[in-house]
Trainee: 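Before we start, here is the structure in question, set down as structure tokens.
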Amino acid sequence: MTTTTAPSTTAHAGVPQHVLDLVARVTGDEKHDPSAHSTLDVVWTLYDQVLRVDPEHPDDPDRDRFLLSKGHGPASTYAVLAAKGFFPAAWLDDVASWDSRLGHHPDRTLVPGVEIGSGSLGHGLPISVGLSLGLRHRTAARVVVLVGDAELDEGSNAEAIAVAGRFGLGNVTCVVVDNRSDNLGWPGGIAARFHVEGWATAHAVATDHATLAAALRRTDPDRPTAVVVTALKGDA
């Protein structure tokens, strides 16, 4: 029998207990529990306070888009989507079984509310740039992509950061969950990497949901926004 490591109630004090219980129901990929738990505060805050999405109309063309680039740890996102009514909570009990629609990497063709198939690092931010270009003349929808700090070591992200800045993609927000797991780092810190390419930047701490929500709501019409969120890998 496999068991998951439940996210800490103390570390995630702003996340309702029923959501923590839903996360704990996702089993079978325990090695990625820390990766999933480090995103929980951000994903819950986005869906509870920021994103314009409707579980009754998950394909609404005017919806905001949330892209989980860090798709190798989808447990928190699955739990939040279930809590918000995108699919039944019972789906969480057999992730990656033969008949399950929920895999260890999310699949946009199978899971309501999931926008991209992800988990191979370095894809989410470039996809968000292309998606935002396609949307910005049709709708006021935002594109919010969540990446991990280590994922920024992928060269595809450097190109996407530069292109988004040059094109002034004000409908793009990149949320970087910083649990200090990157190998290369960046002179001046993560935010400086975006700022030098013309992005607006903000910082927040994962457990401070009021400040986090304010940072995630902020946009600039003429340039993309990066929000660097300090977290502890595993439980913050």
Side-chain angles (χ1 to χ4, degrees), residues 4-9 11-29 32-60 63-96 100-108 110-119 124 128 142-148 173-177 179 204 206-210 212-213 215-217 227 229 231 233-236:
T4 193
T5 304
S8 162
T9 302
H12 300 284
V15 178
Q17 183 61 51
H18 75 279
V19 178
L20 300 176
D21 292 342
L22 290 173
V23 177
R25 289 169 66 169
V26 181
T27 63
D29 192 26
H32 285 131
D33 280 352
S35 183
H37 295 177
S38 70
T39 69
L40 179 56
D41 290 276
V42 171
V43 177
W44 173 251
T45 301
L46 280 168
Y47 277 90
D48 192 53
Q49 302 186 49
V50 179
L51 296 175
R52 295 182 305 110
V53 292
D54 180 358
E56 298 296 324
H57 303 93
D59 297 322
D60 184 339
R63 72 191 182 280
D64 290 338
R65 273 71 167 177
F66 171 66
L67 279 58
L68 179 69
S69 187
K70 198 176 180 181
H72 57 288
S76 291
T77 298
Y78 286 161
V80 170
L81 289 173
K84 289 299 182 179
F86 282 86
F87 54 78
W91 288 16
L92 302 173
D93 296 328
D94 64 347
V95 171
S100 176
R101 297 174 71 174
L102 306 182
H104 292 320
H105 290 199
D107 186 330
R108 72 173 185 83
L110 298 176
V111 187
V114 168
E115 298 288 353
I116 59 170
S118 61
S128 75
R142 296 179 62 192
V143 179
V144 180
V145 56
L146 187 154
V147 306
T173 297
C174 180
V175 185
V176 184
V177 174
N179 49 41
T207 52
D208 182 354
H209 285 203
L212 177 59
L216 294 172
R217 291 191 192 104
V227 181
V229 180
K233 191 167 187 176
D235 260 348

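All heavy atoms count here, side chains included; hydrogens, waters and symmetry mates do not.
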Trainee: Once rounded to the nearest 0.5 Å, what's the spacing between atom CG of L22 and atom CG of L92?
Mentor: 6.0 Å
Trainee: Examine distances only and state if a side-chain atom of S76 and a backbone atom of T39 form a donor-acceptor pair shorter than 3.5 Å.
Mentor: no
Trainee: Could you check if a side-chain atom of P106 sits within less than 4.5 angstrom of a side-chain atom of S118, using non-hydrogen atoms only?
Mentor: yes
Trainee: If you compare all heavy atoms of D41 against all heavy atoms of A206, which two are closest, and at what distance to 0.1 Å?
Mentor: CB-O, 3.2 Å
Trainee: Output the distance between atom CG (L146) and atom OG (S128), rounded to the nearest 0.5 Å.
Mentor: 11.5 Å
Trainee: With D208, which residues qualify under salt bridge (Lys or Arg N to Asp or Glu O under 4.0 Å), at least two apart?
Mentor: none
Trainee: Backbone N or O of V144 within a donor-acceptor pair of the T173 side chain at under 3.5 Å?
Mentor: no
Trainee: Please report the closest heavy-atom contact between G113 and P58, naming both atoms and the distance.
Mentor: N-CB, 4.3 Å
Trainee: Quick check for you: to the nearest 0.5 Å, what is the distance between Q49 atom CD and L212 atom CG?
Mentor: 8.0 Å
Trainee: Please round to the nearest 0.5 Å and tell me the distance separating atom CG of L110 and atom CZ of F87.
Mentor: 11.5 Å
Trainee: S69: which residues meet the side-chain contact (heavy atoms from CB on, under 4.5 Å) condition with it, sequence neighbours left out?
Mentor: V145, V147, E151
Trainee: Taking the side chain as every heavy atom from C-beta outward, state whether V95 and R25 have any pair of such atoms under 4.5 Å apart.
Mentor: no
Trainee: Any non-hydrogen side-chain atom of V43 less than 4.5 Å from a side-chain atom of F66?
Mentor: yes
Trainee: Using the salt bridge (Lys or Arg N to Asp or Glu O under 4.0 Å) criterion, which residues pair with R217? Sequence neighbours excluded.
Mentor: none
Trainee: Check the pair D64 / R142 against salt bridge (Lys or Arg N to Asp or Glu O under 4.0 Å), numbers first and verdict last.
Mentor: CA-CA 5 Å; D64 290 338; R142 296 179 62 192; 5.5 Å; no
Trainee: If you define the side chain from C-beta out and look only at heavy atoms, does anything of W44 sit under 4.5 Å from V19?
Mentor: yes
Trainee: Determine which pairs satisfy side chain to side chain donor-acceptor pair (under 3.5 Å) with at least one residue from residues 77-87, sequence neighbours left out, and list them in order.
Mentor: D48-K84
Trainee: Just do the side-chain contact (heavy atoms from CB on, under 4.5 Å) check on V111 and L102 with the steps written out, would you?
Mentor: CA-CA 7 Å; V111 187; L102 306 182; 3.7 Å; yes
Trainee: Tell me, please, which residues at least two apart from R63 pass salt bridge (Lys or Arg N to Asp or Glu O under 4.0 Å).
Mentor: E115
Trainee: Sequence neighbours excluded, which residues qualify as side chain to side chain donor-acceptor pair (under 3.5 Å) partners of R101?
Mentor: none
Trainee: How close do L67 and G124 get, heavy atom to heavy atom, and via which atoms?
Mentor: CD2-O, 3.9 Å
Trainee: Would you say D54 and D60 make side-chain contact, with heavy atoms under 4.5 Å?
Mentor: no
Trainee: Around atom CZ of R108, are there more than 12 heavy atoms from other residues, nucleotides or ligands closer than 6.0 Å?
Mentor: no
Trainee: If I take atom OG1 from residue T45 and atom CG from residue L40, how far apart are they, to the nearest 0.5 angstrom?
Mentor: 8.5 Å
